[in-house]
There are 2 protein chains.
Amino acid sequence: MPADDRRRRRATIHDVAAEAGLSHGTVSRVLNSERYVSATAQAAVEAAIAKVGYVRNTAARNLKTQQSHAIGLVVHEPHSLFLEDPNIGAILLGTNEILSNADYQLVSLVIDSDRDSARVAEYLRGGFVDGVIIVSARSGDPIAHAVASIGIPAVFVGHPPDISGVPFVGIDNVSAAASITSRLIETGRRRIGMIASALDRDSGQDRLSGFRQALGARFDSSLVVEFPLYSYDSGLEGMRELLTRDPTIDGVFAASDAIGAGALDALRAAGRSVPGDVGVVGFDDSAWAMRCQPPLSTVRQPADELGRMAARSVLAQLKGEPDVPEAMFLETSIVWRDSA
Amino acid sequence: MPADDRRRRRATIHDVAAEAGLSHGTVSRVLNSERYVSATAQAAVEAAIAKVGYVRNTAARNLKTQQSHAIGLVVHEPHSLFLEDPNIGAILLGTNEILSNADYQLVSLVIDSDRDSARVAEYLRGGFVDGVIIVSARSGDPIAHAVASIGIPAVFVGHPPDISGVPFVGIDNVSAAASITSRLIETGRRRIGMIASALDRDSGQDRLSGFRQALGARFDSSLVVEFPLYSYDSGLEGMRELLTRDPTIDGVFAASDAIGAGALDALRAAGRSVPGDVGVVGFDDSAWAMRCQPPLSTVRQPADELGRMAARSVLAQLKGEPDVPEAMFLETSIVWRDSA
DNA sequence: GCACGATCTGGGAACGATCCCACACACCGG
DNA sequence: CCGGTGTGTGGGATCGTTCCCAGATCGTGC
């Protein structure tokens, strides 16, 4: 397997110019579709490009223009959740769609440890990317602070509680949580608990707030358990805990579908029927929700559209558009299935 | 949100040289840890770098060295499966781990349509990446052929049936499939069917071959149904079809866990018990397998290690190492749960 | 004391684009 | 016929590195 001279010298703008019988300046003008190019020159250059098989050298372009034409997507999530969280994939695809249409390359950066965190901060500072989109930052997140201090165009997907001045896109977690909790109330549940999670992020905090708000005076803090991760295991353990705290519990709001799935399995193991004995609702409308037994009622959030919005916002900042909104909220809806 | 002069001029190698009282040539030598640099010069340069906050300009470096220091990861998969396939995420993380240690940037490219396919081929040809890793290519895949013809260092994860001369990493799907099928035979199943899928890839073909091989003379082609996608829906529909073809069916090999999950739900809907009436086995050991009712017995494949191996192979090719093996197989194991 | 190699350093020439200035020409109105 | 404006084109300077060549210095062996 020789890695030697397989790739021969690539054609440059000068080769194109020579082929077309024009100067490299004119070729550059055609490439960047600037004004003041005659139709004949345009045609000649295009023919020459096709003939010599020219493709633009990005490194040279980037060097001269002092841009990278790349946007970073920073995902701060343990590996295990990165693999399972369906929202992240959808955000990634949505972002990629917008950016590639705008001729920007998406570069994904996964942070799984503090070491990664420092390396990524360095990377962002190094001019490798023209802008950055940050997914699932927590409060006190070093990356979030680094970004805010570098002054690079940035957007958060979800809003870290302790940063301001950086635009973000998100959903209204408070009202979404309140509205799905109401469902439990309306269907006659009396003892309603919550398995909360990720309280170091806005999503976690806000879902708890919404839950509390919907219950009003009936809110009972002893029926709330908290876990760091939006995971199946949190749901399993959380539900067990809630059952011991109050065996008469008849409604549960799980802060994510994964948690909901865990709760469902814990309830089954404890011999409770759903929705007969206990009503359960989740959050995300991920693949989990549909596959549970019984299928989970949940909040659907438009993750792909969040990704698109974030991408559009960075591009707008890059173009220097004057009024890039700092807060952008997208609508959620509720999907009713069988679990409540 | 002004995008104006927030990022002031970055320090260059010349600024460092001036600060250290040395020439830019010497600074470059330190940066690339070449020979013939005195200890004092080394120290002076390092101090100067820290003082002026220098970070290397990659565009300039890439321009001069004619490299991009980036590796492409091409995933050829419909969006829906990209989100759900746990192997892809694990491959991505494994790859990223090795590459970032070697100071290479991973660039993910998702192909969801023929249009994408052409654009990505163009991208690879454009010198944006020094090498490429291709996941889940099918036979007749234009990207696979493009890569083979460009002559760029490349590795396949899984082997497209109609390409040769390009290294690949993979698992032995034939023997893994044979061995899990044997389990069904050993536990006394008599009428064993398969829901096959993705026959345009080596994984799909080989799992079918392994199944056939394990059954030997008892193989009955009427008990094999085929679907293009490794999806839950394929499992649902496939199981229904198998039940109509032969209601006495008592064993099923699903070509993936997602298919297995679908099959399980179809069996439940048809009133069959698992593993009582029918034994079911899957492939992948994904999150699906654990969450099914009952949990699925399945083949575990080391997806993260596949990603690492692929990355190592591209790096080896890049370094011009002489004997990069063309075929690399990793061991699989079988996880016994309750479904068979 | 001198030739010679090894070590270290300085500085110029690329790499391949973009950007800008200078110039050529056409057209128009007064 | 002349100045001015709008088009179109050529070619030089430049971005920040790496690479290479030339030269300086220092030992070391004869």
Side-chain angles (χ1 to χ4, degrees), chain A residues 7-49 52-70 103 105 125-128 130 318, chain B residues 5 7-49 52-70 103 105 125-128 130:
Chain A
R7 47 183 143 174
R8 63 195 182 293
R9 206 182 77 81
R10 279 172 54 195
T12 74
I13 206 174
H14 291 96
D15 300 328
V16 175
E19 177 69 31
L22 290 162
S23 76
H24 73 272
T26 303
V27 175
S28 175
R29 267 176 294 253
V30 172
L31 286 173
N32 298 296
S33 44
E34 288 173 17
R35 292 174 19 159
Y36 303 146
V37 178
S38 67
T40 53
Q42 163 110 15
V45 168
E46 280 166 0
I49 286 176
V52 303
Y54 169 79
V55 288
R56 193 195 244 131
N57 182 319
T58 346
R61 194 246 275 266
N62 293 349
L63 172 59
K64 179 61 190 177
T65 60
Q66 306 282 52
Q67 296 181 347
S68 66
H69 267 259
D103 192 27
Q105 179 58 47
R125 218 184 306 271
F128 293 85
D130 295 340
L318 240 27
Chain B
D5 53 12
R7 47 183 143 171
R8 64 197 181 291
R9 207 181 75 80
R10 279 171 55 194
T12 74
I13 206 174
H14 291 99
D15 299 327
V16 175
E19 177 69 31
L22 288 162
S23 76
H24 73 271
T26 304
V27 175
S28 174
R29 253 160 271 158
V30 172
L31 286 173
N32 298 297
S33 46
E34 289 175 16
R35 292 174 17 160
Y36 302 145
V37 179
S38 67
T40 51
Q42 164 111 13
V45 168
E46 279 166 1
I49 286 175
V52 303
Y54 170 80
V55 287
R56 192 195 246 132
N57 181 318
T58 345
R61 192 246 272 265
N62 292 350
L63 171 60
K64 181 62 191 177
T65 61
Q66 305 283 52
Q67 295 182 347
S68 66
H69 267 257
D103 191 29
Q105 179 58 46
R125 218 184 306 270
F128 293 85
D130 294 339

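Predicted model only: the values in this text are computed from it and were never measured.
Closest approach of B/Thr26 and B/Ala41 over heavy atoms only: CG2-CB, 4.3 Å. B/Val16 and B/Val45 make their closest contact through CG1-O, 4.1 Å (heavy atoms, listed as atom of the first residue, atom of the second, distance). Of all heavy-atom pairs between A/Ser23 and A/Ala17, the closest is C-CB, 3.6 Å.
The overall bend of the helix from C/dG1-D/dC30 to C/dG30-D/dC1, read as the angle between its terminal helix axes built from five base pairs each, is 50° when rounded to 10 degrees.
Note on residues 53-64 of chain A: pairs passing salt bridge (charged side-chain N to carboxylate O under 4.0 Å, His left out), not counting sequence neighbours, are A/Arg61-A/Asp103. Identified under the salt bridge (charged side-chain N to carboxylate O under 4.0 Å, His left out) test for residues 16-38 of chain A, with sequence neighbours left out: A/Glu19-A/Lys51.
Applying the side-chain hydrogen bond (donor to acceptor under 3.5 Å, both in side chains) rule to A/Ser38 yields the partners A/Thr40; only residues at least two apart in sequence or on another chain are considered. Partners of B/Phe128 under the ring pair (Phe, Tyr, Trp, His ring centres under 6.0 Å) rule, at least two apart in sequence or in another chain, are B/Tyr123. With sequence neighbours excluded, the residues that form a side-chain hydrogen bond (donor to acceptor under 3.5 Å, both in side chains) with A/Asp15 are A/Arg9. B/Glu46 meets the side-chain hydrogen bond (donor to acceptor under 3.5 Å, both in side chains) test with B/Gln42; sequence neighbours excluded. Every residue was checked against the side-chain hydrogen bond (donor to acceptor under 3.5 Å, both in side chains) condition with B/Thr58, not counting sequence neighbours, and none meets it.
Extent of DNA chain D lying under 4.0 Å from chain A heavy atoms, first and last nucleotide in 5' to 3' order, is D/dT7 to D/dG16.
If you take OG1 on B/Thr12 and CG on B/Asn57, they are separated by 9.5 Å, rounding to the nearest 0.5 Å. Interatomic distance, CG of A/Leu31 versus CD1 of A/Ile49, reported as 4.5 Å (0.5 Å rounding).
Listed by residue number, B/Ala41 are the residues of residues 40-47 of chain B with a heavy-atom contact under 4.0 Å to DNA chain C.
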### Task
Sugar-phosphate atoms are those with a prime plus P, OP1 and OP2; base atoms are the rest. Using that split, label each nucleotide of nucleotides 18-27 of chain C B, S or - for protein heavy atoms under 4.0 Å, 5' to 3'.
BSB-------
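Proximity of a side-chain donor or acceptor of A/Asp130 to a complementary backbone N or O of A/Ser68 within less than 3.5 Å is detected.
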At a cut-off of 3.5 Å, list every protein nitrogen or oxygen paired with a nitrogen or oxygen from nucleotides 4-7 of chain C, distance to 0.1 Å.
residue	atom	partner	partner atom	Å
C/dT7	OP2	B/Tyr36	OH	3.1

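Contact annotation: B/Ser23 reaches the phosphate of C/dG10 (side-chain N/O to OP1 or OP2, under 4.0 Å).
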